Amino acid sequence: MLVLARKKGQSIVIGRNVRVFVAEVSGETVRLGIEAPPEMEIFREEIYRQLREENTGSITTPMEARGFLSKNTDKKIRIIPEGS
Amino acid sequence: MENNGRQTGVVISFPWGMPGLDYNEYILSSLATDSPFYFLQSTACPEVGLLLINPFSVYEDYEFDLDEESARQLEIGDQNHVAVFCTVNTSLGADSATVNLLAPIVINSDCLLGKQVVLNDKRYSLRTPLVICRGDQGEGR
């Protein structure tokens, strides 16, 4: 792994099309600006990992989905927001 | 194919994929008449699918701003041509189903492009409980 030291306002370039610059440094938080081609998705890593896990865990078959639905056709379904 | 529409079996392309899923093309279909539930089924692997819900039908205060980049990618100009769904996770059983409000699936229903968008909104979670009222509390449809 390459480790580089950068100051506020300085950048690194990755390949031809990606530029990451240090926009702000405040205590332990670094704010980064990223310029990348639109086809390149950018995620916060922990969010990406959680989303991948959630999507994988949500995979179901048509039969299972219909089974879930058949148990809940006559029920009132809603979401109660957190904190209420 | 608006959220309250009846059209079924529409092929949606997900050029950017979805984290954890290996496919880029899915068939979106309604699971039952007047149901908030939909099914997103891989065209390449029919046994792989996601149970979806129209979030607005179960949580009327749900709202978010689509980021400019996603709007541009999805070629969205007119809000009327956007459909929003959230994945439902029933892996812990029908009584413990959760909804992913943090990463909704946004679809341009004109050009049939879809993308799972991660919101930067602390109000929403990947696993919001779906409350299913039983017995007398339920207003049967």
Side-chain angles (χ1 to χ4, degrees), chain A residues 11 14-24 26 28-84, chain B residues 15-21 29 31-32 35-37 39 41 46-53 55 57-62 69 72-73 87-92 94-95 97-103 115-116 118 120 123-135 137-141:
Chain A
S11 304
I14 302 171
R16 289 163 182 258
N17 299 319
V18 179
R19 176 171 167 265
V20 181
F21 66 95
V22 180
E24 187 186 317
S26 172
E28 292 197 335
T29 302
V30 178
R31 195 175 290 274
L32 301 173
I34 302 160
E35 292 172 358
E39 68 273 14
M40 204 172 274
E41 290 262 69
I42 299 163
F43 295 96
R44 292 173 174 84
E45 185 181 9
E46 67 278 15
I47 298 281
Y48 180 82
R49 288 178 186 276
Q50 288 168 16
L51 178 57
R52 190 174 58 186
E53 189 182 321
E54 182 58 24
N55 280 348
T56 308
S58 298
I59 291 173
T60 186
T61 64
M63 192 183 289
E64 286 170 346
R66 290 205 172 80
F68 173 79
L69 202 69
S70 68
K71 287 177 195 157
N72 295 302
T73 45
D74 293 329
K75 310 295 192 298
K76 186 176 165 66
I77 299 167
R78 63 201 164 101
I79 286 169
I80 298 177
E82 281 176 61
S84 65
Chain B
W16 304 277
M18 286 184 273
L21 292 154
S29 55
L31 274 175
S35 167
F37 292 103
F39 196 68
Q41 183 176 27
E47 285 302 296
V48 169
L50 292 167
L51 180 62
L52 304 183
I53 195 164
S57 70
V58 292
Y59 184 16
E60 62 185 19
D61 290 335
Y62 188 56
E69 189 64 38
R72 204 187 56 72
Q73 287 175 320
T87 59
V88 179
N89 187 340
T90 59
S91 62
L92 295 176
D95 294 328
T98 59
V99 181
N100 182 349
L101 294 178
L102 186 68
K115 185 187 177 192
Q116 190 170 30
V118 181
N120 190 8
R123 291 177 294 173
Y124 303 131
S125 135
L126 288 167
R127 289 185 182 170
T128 307
L130 190 63
V131 179
I132 299 168
C133 299
R134 302 280 169 191
Q137 297 171 57
E139 293 171 7
R141 298 188 184 205

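Since this is a predicted model, take the numbers as computed values, not measurements. Below, read A as the first sequence line, B as the second, and so on, with proteins coming before strands; counting in each chain starts at 1.
For a residue to count as touching a neighbouring chain, one of its non-hydrogen atoms must lie under 4.5 Å from one of that chain's; by this rule B:L21 touches chain A with the side chain only. In this structure, chain A has heavy atoms under 4.5 Å from both the backbone and the side chain of B:V131. Contacts of A:I47 with chain B are made by side-chain atoms alone, with heavy-atom separations under 4.5 Å and no backbone atom involved. Residue contact with chain B, scored on non-hydrogen atoms closer than 4.5 Å, involves the backbone and the side chain of A:Q50 alike. Looking at B:L92, neither its backbone nor its side chain comes within 4.5 Å of chain A, counting heavy atoms on both sides. For A:R44, the part lying under 4.5 angstrom from a heavy atom of chain B is the side chain only. B:P46 touches chain A through its backbone: at least one of N, CA, C or O sits under 4.5 Å from a heavy atom, while the side chain does not. Residue B:E47 touches chain A through both its backbone and its side chain, counting heavy-atom pairs closer than 4.5 Å.
With chain A as partner, the option from B:Q73, B:E60, B:E69 having the largest number of non-hydrogen pairs under 4.5 angstrom is B:Q73. The choice from A:G67, A:G57, A:A65, A:P62 that makes the most heavy-atom pairs within less than 4.5 Å of chain B is A:P62.
Under the rule for a side chain to side chain donor-acceptor pair (under 3.5 Å), the partners of A:R19 that lie at least two apart in sequence or sit in another chain are A:S11, A:E35.
Between the CZ atom in A:F68 and the CG atom in B:L130 there is a gap of 5.5 Å [rounded to 0.5 Å]. One distance of note links CD1 of A:I59 with CG of B:L51; it measures 13.0 Å at 0.5 Å rounding.
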Requested in this report: Just do the side chain to side chain contact (heavy atoms under 4.5 Å, CB included) check on A:L69 and B:S35 with the steps written out, would you?
Outcome: CA-CA 9 Å; A:L69 202 69; B:S35 167; 3.7 Å; yes
Requested in this report: Take A:E41 and B:Q116 through the side chain to side chain contact (heavy atoms under 4.5 Å, CB included) test and state the conclusion after the steps.
Outcome: CA-CA 11 Å; A:E41 290 262 69; B:Q116 190 170 30; over 6 Å; no
**Report entry** Candidate pair B:V118 and A:Y48, rule side chain to side chain contact (heavy atoms under 4.5 Å, CB included), full reasoning
**Finding:** CA-CA 9 Å; B:V118 181; A:Y48 180 82; over 6 Å; no
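A distance-only check finds no donor-acceptor pair linking the side chain of A:N55 to the backbone of B:G20 [under 3.5 Å].
Within 6.0 Å of CD in A:E46 there are more than 12 heavy atoms belonging to other residues, nucleotides or ligands.
Legend: salt bridge (Lys or Arg N to Asp or Glu O under 4.0 Å) pairs involving residues 50-65 of chain A, not counting sequence neighbours, sorted by first then second residue: A:E54-B:R127.
Closest approach of A:T61 to B:F39, counting heavy atoms only: C-CZ, 3.6 Å.
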